[in-house]
*Asks:* 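The structure under discussion is supplied below as structure tokens; questions concerning it will follow.
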Amino acid sequence: MKIADMKVTELINAVGSDAPAPGGGAVAGLAGGIGVALTMMVNGLTLSKKGFEDDRERILDAIAKGNELKERFVDVMNRDSEVFDVLIESLALPKENDAQKAIRRGAVQASFRNCTEVPLTMMEVCLESIDLLATLVGTTNPNVVSDLGIAALTLKTAMQSAWLNVLINLSSLKDKEYADECCHKGEAMLAHAIPLAEECYEKVLKVIEKK
């Protein structure tokens, strides 16, 4: 069963078991998906609120973008567990002789590369979601502005969690040039997304305090 097809209680129990997957990657993807879903909820409740009639096109565009991001989170959440399962299989390959060792080594490195690329992709989706969120604070239904603050916190958590998964896999890559490239890419995304998410949260606080 794909991670995204599990019931909430099934996923929680699966994460809480002694199985290595689903683990932190799936949890990060779920957090991101819920974060962007909250932004969609706020947009939906803004669309139907009196006084926002002139914003209809902008809100519908934001909902459409949110739907796209939500689906990408679901996909990357599933892929995280899938590539981890392949890594476990590659580590179990025989290594009785030099030929087997070479095959195993190649399979393991390919798996670690995939296990790096998936959370990097998750970071990209988090980044786009935080950028979307930043356009919404102060422009939506003020009665549900707290949900945007929660979305900011959740997406920030997803972003930092995905980064941890990138780092843990980078240390196992033999291709240091590729590892450095991934590291620089991840650091650049963090440098943009984390301060922006924090800024969104602070703006939400100020809106609430003025109510």
Side-chain angles (χ1 to χ4, degrees), residues 1-4 6 11-36 69 71-131 152-198:
M1 178 186 294
K2 289 184 178 292
I3 301 301
M6 289 182 173
L11 178 56
I12 290 173
N13 289 334
V15 172
S17 73
D18 59 0
V27 171
L30 178 61
I34 290 174
V36 79
L69 292 166
E71 292 305 316
R72 288 165 64 188
F73 270 122
V74 169
D75 177 63
V76 78
M77 181 170 61
N78 284 327
R79 285 169 54 206
D80 181 85
S81 290
E82 290 168 1
V83 296
F84 183 80
D85 288 342
V86 174
L87 172 61
I88 296 302
E89 291 172 5
S90 67
L91 289 170
L93 289 172
K95 46 183 178 177
E96 304 282 327
N97 53 54
D98 289 343
Q100 289 181 345
K101 288 178 181 178
I103 292 172
R104 180 182 180 275
R105 191 180 308 116
V108 168
Q109 283 301 302
S111 294
F112 274 123
R113 192 181 182 105
N114 288 334
C115 286
T116 302
E117 290 175 352
V118 169
L120 260 181
T121 299
M122 191 179 295
M123 290 180 72
E124 292 171 357
V125 185
C126 286
L127 177 65
E128 290 185 45
S129 300
I130 292 169
D131 279 339
L153 293 173
T154 309
L155 288 166
K156 177 187 172 188
T157 295
M159 185 78 170
Q160 292 175 306
S161 300
W163 176 235
L164 290 178
N165 283 332
V166 171
L167 289 177
I168 196 69
N169 288 296
L170 284 182
S171 62
S172 298
L173 287 173
K174 302 298 183 185
D175 186 343
K176 296 306 177 186
E177 183 177 345
Y178 173 73
D180 287 344
E181 178 186 327
C182 290
C183 188
H184 293 322
K185 185 177 181 180
E187 288 174 341
M189 287 191 284
L190 278 177
H192 172 82
I194 299 306
L196 186 57
E198 292 173 346

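Residues take their numbers from the sequence shown, with the count starting at 1. Worth knowing before you read on, the calculation uses all heavy atoms, side chains too, and leaves out hydrogens, waters and symmetry mates.
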*Asks:* Main chain of Leu173, side chain of Lys176: is a donor-acceptor contact present, judged purely on distance under 3.5 Å?
*Replies:* yes
*Asks:* Considering non-hydrogen atoms only, spot the tightest contact between Ala162 and Ala28 and give its length.
*Replies:* N-CB, 4.2 Å
*Asks:* Any heavy-atom pair between the side chains of Asn114 and Glu82 that's under 4.5 Å?
*Replies:*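 Counting from C-beta outward, Glu82 and Asn114 never come under 4.5 Å.
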*Asks:* Is there side-chain contact between Met77 and Asp80, with heavy atoms separated by less than 4.5 Å?
*Replies:* no
*Asks:* Please examine the side chains of Tyr178 and Cys183, heavy atoms only from C-beta on, and report whether any two atoms are closer than 4.5 Å.
*Replies:* no
*Asks:* Can we say Arg113 and Glu117 salt-bridge, meaning some charged N sits less than 4.0 Å from an Asp/Glu carboxylate O?
*Replies:*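 Salt bridge between Arg113 and Glu117, a charged N being under 4.0 Å from a carboxylate O: yes.
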*Asks:* Do you know the tightest heavy-atom contact between Ala26 and Pro22?
*Replies:* CB-CB, 3.8 Å
*Asks:* Compare all side-chain heavy atoms of Asp131 with those of His192 and state whether any distance is below 4.5 angstrom.
*Replies:* yes
*Asks:* Provide the closest heavy-atom pair for Ala197 versus Lys156 in the form atom of the first, atom of the second, distance.
*Replies:*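 Here Ala197 and Lys156 meet closest at CB-CB, 3.9 Å.
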*Asks:* Begin with the C-alpha distance, continue with both residues' side-chain angles, and end with the deciding distance and a verdict on side chain to side chain contact (heavy atoms under 4.5 Å, CB included) for Val36 and Arg72.
*Replies:* CA-CA 11 Å; Val36 79; Arg72 288 165 64 188; over 6 Å; no
*Asks:* Using a strict cut-off of less than 4.0 Å between a Lys/Arg side-chain nitrogen and an Asp/Glu carboxylate oxygen, indicate whether Glu124 and Lys185 qualify as a salt bridge.
*Replies:*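 Answer for the salt bridge query: yes.
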*Asks:* Are the side chains of Arg105 and Lys174 in contact, using a 4.5 Å heavy-atom criterion?
*Replies:* no
*Asks:* If I take atom OG from residue Ser90 and atom CG from residue Asp85, how far apart are they, to the nearest 0.5 angstrom?
*Replies:* 11.0 Å
*Asks:* I would like to know whether Leu91 and Arg104 meet side chain to side chain contact (heavy atoms under 4.5 Å, CB included); could you show each step before the answer?
*Replies:* CA-CA 7 Å; Leu91 289 170; Arg104 180 182 180 275; 3.8 Å; yes
*Asks:* Which heavy atom of Cys126 sits nearest to which heavy atom of Leu155, and what is that distance?
*Replies:*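 Here Cys126 and Leu155 meet closest at SG-O, 4.3 Å.
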*Asks:* Which heavy atom of Trp163 sits nearest to which heavy atom of Gly186, and what is that distance?
*Replies:* CZ3-CA, 3.5 Å
*Asks:* What distance do Glu181 atom CD and Thr116 atom OG1 have between them, rounded to the nearest 0.5 Å?
*Replies:*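 Those atoms lie 11.5 Å apart.
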*Asks:* Got Cys182 and Leu170 here, is their nearest side-chain heavy-atom distance under 4.5 Å?
*Replies:*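 A side-chain contact under 4.5 Å exists here.
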*Asks:* With a 4.5 Å heavy-atom cut-off, do Ile194 and Met159 have their side chains touching?
*Replies:*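 Yes, their side chains come closer than 4.5 Å.
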*Asks:* Taking atom CD of Gln100 and atom CG of Asn97, what is their separation to the nearest 0.5 Å?
*Replies:* 4.0 Å
*Asks:* Taking the side chain as every heavy atom from C-beta outward, state whether Val166 and Met122 have any pair of such atoms under 4.5 Å apart.
*Replies:*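 Side chain of Val166 against side chain of Met122, heavy atoms only: no contact under 4.5 Å found.
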*Asks:* When you look at CG of Leu11, are more than 12 heavy atoms from neighbouring residues, nucleotides or ligands closer to it than 6.0 Å?
*Replies:*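 It does: Leu11 CG has more than 12 such atoms within range.
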*Asks:* Which atom pair, heavy atoms only, marks the closest approach of Gly24 to Asn165?
*Replies:* C-ND2, 3.7 Å
*Asks:* Are the side chain of Glu198 and the backbone N or O of Ala152 linked by a donor-acceptor pair below 3.5 Å?
*Replies:*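 No; zero donor-acceptor contacts below 3.5 Å.
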